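Have a look at the structure below before the remarks.
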Number of protein chains: 2
Amino acid sequence: MEFSNLDQENLKELSIRTGNACVGFNLRRTARLLRRFYDEAFEPLGLKGTQFSLLMAVAGNQNATIGELSQPLGMERSTLSRNIVVLQKKGLVTVEEGEDRRQQRISLTDLGVSVIREALPLWQGVQESLISELGEERITNLLADLLSLSHIKEGN
Amino acid sequence: MEFSNLDQENLKELSIRTGNACVGFNLRRTARLLRRFYDEAFEPLGLKGTQFSLLMAVAGNQNATIGELSQPLGMERSTLSRNIVVLQKKGLVTVEEGEDRRQQRISLTDLGVSVIREALPLWQGVQESLISELGEERITNLLADLLSLSHIKEGN
DNA sequence: TTAATGTGTGTGTATATACTTATATTTAAG
DNA sequence: CTTAAATATAAGTATATACACACACATTAA
């Protein structure tokens, strides 16, 4: 492609082409749009979709530190640190100093467990909506592709 | 699935299963991880990937209002309003009152155009990295799936 | 043992995101 | 023509996100 003479016509054309092709843009846009879908589903529990995800990650890694949890989430530790505070304020998780006193170990509270119990059917409802929209196979492929993309490192 | 007796074992199991299956979580995680990839690519221009996307959207919709722009981006108007201010502060876009004095019409500045000219090869570099990682066909399918998902409306 | 180095987490700052509410302006009802 | 309803945007508030830096604690080297 030649980018040197960008008149009004070329810009329009390029905008459409890159908008359709850009993986990052389309990922973010779809995530934005689905976000509302998830948030509405969990709204009766006062949860956002993001918070449900984090709560489930804590459930699967009981007593993990911020650093340990941040790995599978692909999230900055500082980001995770702040997101955990939100769950803590809601009474869903506890944060306790580890033997190494720099570490903070995160666990579910009883309330956290019971909120998960109520949230899981709502999550499953959304999941089934998405599957019925795209079909099981396309969803499976999509998840595999997302996983492959998330393994990309700088320097590739 | 039965969610009523959630002991430690079931929680771990459920966490893994929902984490692997959840479209929203995997979309967000991949978007998080790719974000760094894009941001590093555009760093020489002082741009984030998100800002490049928005700049390209402005390029393709010259003189559009906030409301008009928000449609193809799938973004809240209030969000877009704030994101545009960032580009305006960088001198990349202008914001002008429309004939309808409630409207704000957004256009590229000359600097905006020249930044796009420099950014496009960088974007293409990232795009080619992703394609070489997943292959053209999987990328194409992924984009199609993302598009299908973004058409999901509440009530489906 | 003390000093240097390394590690885990939180804070400061900035952006991205959305919902609710406020404000200005336009359009429609009467 | 005046008032009520509708519309476009911004501002208030909250969360999600990341980078740079600070701080406390731990480990290693001297």
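Please read these numbers as outputs of a predicted model, since none were measured by experiment. Every heavy atom of this structure was used, including side-chain atoms; hydrogens, water molecules and symmetry mates were not. Protein chains get the first letters and strands the later ones, always in sequence-line order, with residue 1 at the start of each.
Map B:K89 and A:V95 each onto its nearest nucleotide of DNA chain C; the residue landing nearer the 5' end is A:V95. Mapping A:E99 and A:L80 onto DNA chain D by nearest heavy atom places A:L80 closer to the 5' end of the strand.
Rounded to an integer number of Å, the gap from CZ of A:F25 to P of C:dA16 is 14 Å. Rounded to whole Å, atom C1' of D:dT17 lies 13 Å from atom CD of B:Q51. Following rounding to the nearest Å, B:R29 (CZ) and D:dA18 (P) show an atom-to-atom distance of 13 Å. Atom CD of B:E68 is separated from atom C1' of D:dT9 by 13 Å (rounded to the nearest Å). Protein atom CZ of A:F42 is 16 Å distant from nucleotide atom C1' of D:dT15, rounded to whole Å. Separating the CD1 atom of A:I84 from the P atom of D:dA16 is a distance of 10 Å, rounded to the nearest angstrom. Rounded to a whole Å, the NZ atom of A:K48 is 11 Å from the C1' atom of C:dT20. In this entry the distance linking CG of B:L73 with P of C:dA16 reads 12 Å, nearest Å.
With respect to the salt-bridge test (charged N to carboxylate O, under 4.0 angstrom), the residues B:K48 and B:E40 do not qualify.
For B:N83 and C:dT15, the shortest distance from a side-chain N or O to OP1 or OP2 is not below 4.0 Å.
Two residues are said to be in side-chain contact when any heavy atoms from C-beta on lie closer than 4.5 Å; A:I84 and A:L54 meet this criterion. Under the 4.5 Å side-chain criterion, counting only non-hydrogen atoms from C-beta, A:V23 is not in contact with B:I131. Inter-residue side-chain proximity for B:Q51 and B:L87 is flagged as met; some heavy-atom pair is nearer than 4.5 Å. With contacts defined as side-chain heavy-atom distances shorter than 4.5 Å, the pair A:F52/B:F25 does not qualify.
Of the candidate nucleotides D:dA10, D:dT17, D:dA16, D:dT17 has the atom nearest to the side chain of B:R35. Comparing C:dT25, C:dT17, C:dG12 by their nearest atom to the side chain of B:R101 picks out C:dT25.
Heavy atoms of A:T50 sit under 4.0 angstrom from primed sugar atoms or phosphate atoms, though from no base atom. In this structure, B:R32 reaches the sugar-phosphate backbone alone: every heavy-atom distance under 4.0 Å involves primed, P, OP1 or OP2 atoms, never a base. Within 4.0 Å (heavy atoms only), B:R82 reaches at least one base atom of the nucleic acid.
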Taking only N/O atoms, report every protein-nucleotides 5-8 of chain C pair under 3.5 Å with atom names and distance.
unit_1, atom_1, unit_2, atom_2, d
C:dG6, N2, A:R102, NH1, 2.6
C:dT7, O2, A:R102, NH1, 2.6

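Applying the salt bridge (charged side-chain N to carboxylate O under 4.0 Å, His left out) rule to pairs touching residues 141-152 of chain A yields A:D145-B:R138, sequence neighbours excluded.
Below the 3.5 angstrom threshold, one finds a donor paired with an acceptor across the side chain of B:T79 and the base of C:dA18.
Side-chain N/O atoms of A:Q103 and A:R101 include no donor and acceptor closer than 3.5 Å.
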